[in-house]
Structures are given as C-alpha cells and as structure tokens.
Amino acid sequence: MGVETMGVETMGVDASRAGAPAGTRSTAGRGAAPRRGLSLVEASVAAAILLLLAVGVLPLFAQALATNLAGADSSFASDAARSTSERLYQLPFDHPELTLVAGTERVTESYYSLTERRWKPGSEPAGGPDPALWRRTTTIRHYGVGALEDELLETTEALDAAADPGHVHLKEIEVSVRGTRTAGPLGPGRGVAVRLLKSH
C-alpha cells in the first residue's frame, strides 16, 4: 500500500521578535526621540511674563490693604465713640460726669495707649515711650429748653443754663475719636464724632 507523504509547511520566524514578550514592538532600527526641556530663551520669556503679571497685581494688593485698614480704623473709632456716648447717656441727669463745674462746657481727654492697648485718661504724654494710637475728646454742654425754639442749640442759652442750674433742661453729649496717624502710604487716621441730647 502506498504511503502518502504529507508536506510539512515551515513558517518563518522573525528573529528580531524571538524571545520578545507578546504585545511589544521592536524599536530596532529606529532613532529614539530625544527629550526636550526649556531652553534659556523660553525660560527668560516665561519669567518676563510672570514679572509683568506681578507688577500689574501688586497695586491691587496695596489698595486692598489700605481699604481694609481704613475699614478697621473706622470700625474702631465708631465703636469707641458710640460706647462712650451710650454709657454717658445712661447716667442719671444730675450725675457728676454730666454736670458742669464752671463755664459752658466740660471737656475730658483720653488716649488709647500703644503699649497697654487700652484707654487712659489725660492727654498723650509728649515725647514719651507710650504714644497714643487714638485720641478721644468728650464734651458735655448744658442748655435751657429755650435753646430749641429755633431748632438750634444757641450759645446764649448755654450761658444762661450755666449761670442757673435750675434752667438746665438739656445736656449735650459729644464724643469725638480720631486716629493719630497723619500721613504715610496708608493715609491719615480716621475720625468719628457722636452727638446725643439728654433731656431732664
């Protein structure tokens, strides 16, 4: 019986891929792309752009700082003036703090200490080691009821009331608070005045 010879087909094996893991491609014969960084010119241009942006933004920061400080100054002055005037307003009409000893008005000075961070009586010590951050002036005036006839408080009525305490029907409480900063990049200090009328 005849023997049928079966042809064996041989497949060529790519020698370049022998032993290479599946799914990988050979880079043989190809030039690897060099890694590029920033050149000196590119870095200089980027630095110049950042510098221009910073120069444009810095004035906004300075303006915001000045605005915040002005707001804080106004709040402090307003609170100090209002708290003092409201305290005096709550006192009895004939309280010593609301009574004139002589003249037509009574003025009391105080200052906010830089070192102690509190209000102290009297004027700021000149050239001392404890300069004032704020100055507060409290003024008390007496008036008779006739001072309101023309809706204005007249000085002559104050004189009459001072001469005769029995004619005192109104007491004016005025509290003024002002910062001591006069100049500088942040501007002068803020000031607030509060005025109240207390009737008998």
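Please read these numbers as outputs of a predicted model, since none were measured by experiment.
- At distances below 3.5 Å, at least one donor-acceptor pair connects side-chain atoms of Thr180 with backbone N or O atoms of Leu133.
- One N or O on the side chain of Ser83 and one on the backbone of Ala80 form a donor-acceptor pair closer than 3.5 Å.
- When all heavy atoms of Pro92 and Leu98 are compared, the pair lying nearest together is O-CD1, 3.5 Å.
- Taking the side chain as every heavy atom from C-beta outward, Leu88 and Ile140 approach each other to under 4.5 Å.
- Defined by atom type and a distance below 3.5 Å, a donor-acceptor pair is missing between the side-chain atoms of Thr139 and Glu105.
- Listed here is the closest heavy atom pair of Ala77 and Trp134: CB-CZ3, 3.7 Å.
- Heavy-atom minimum distance, Glu116 versus Arg118: OE1-NE, 2.7 Å.
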inquiry  = The test is side chain to side chain contact (heavy atoms under 4.5 Å, CB included); show your working for Ile173 and Leu197 and say whether it passes.
reply    = CA-CA 6 Å; Ile173 302 169; Leu197 285 178; over 6 Å; no
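- The cationic atom of Arg136 (NZ for Lys, CZ for Arg) lies less than 6.0 Å from the six-membered ring centre of Trp119 and within 45° of the ring axis.
- Thr138 places none of its side-chain heavy atoms less than 4.5 Å from the side chain of Val107.
- Across His142 and Leu100, no two heavy atoms sit closer than the pair CE1-N, 3.4 Å.
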message = Does Val177 form a side chain to side chain contact (heavy atoms under 4.5 Å, CB included) with Thr137? I'd like the steps, not just the answer.
response = CA-CA 7 Å; Val177 177; Thr137 303; over 6 Å; no
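- A donor-acceptor contact shorter than 3.5 Å links the side chain of Arg106 to the backbone of Thr99.
- Aromatic ring orientation, Phe76 versus Tyr112: perpendicular (interplanar angle above 60°, classes split at 30° and 60°).
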ask   = Does the pair Arg87 and Glu97 meet the rule for a side chain to side chain contact (heavy atoms under 4.5 Å, CB included), with working shown?
value = CA-CA 11 Å; Arg87 182 187 68 81; Glu97 288 192 58; 3.1 Å; yes
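- The backbone N or O of Ala132 sits nowhere less than 3.5 Å from a side-chain atom of Arg135 that would complete a donor-acceptor pair.
- Taking CG of Leu196 as the start and CD of Glu86 as the end, the distance is 7.5 Å to the nearest 0.5 Å.
- To the nearest 0.5 Å, atoms OG (Ser74) and CG (Asp79) are separated by 10.5 Å.
- Residues Val194 and Ser85 come closest through the heavy atom pair CG1-OG, 3.4 Å.
- No donor-acceptor pair closer than 3.5 Å links the side chain of Thr84 to the backbone N or O of Ala81.
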task = Could you go through the salt bridge (Lys or Arg N to Asp or Glu O under 4.0 Å) check for Glu109 and Lys120 one step at a time?
result = CA-CA 9 Å; Glu109 298 283 347; Lys120 300 179 70 174; over 6 Å; no
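- Judged by distance alone, the side chain of Lys198 and the main-chain N or O of Leu91 form a donor-acceptor pair under 3.5 Å.
- Both tests pass for Lys171 against the ring of Phe93: distance under 6.0 Å to the centre and angle within 45° of the axis.
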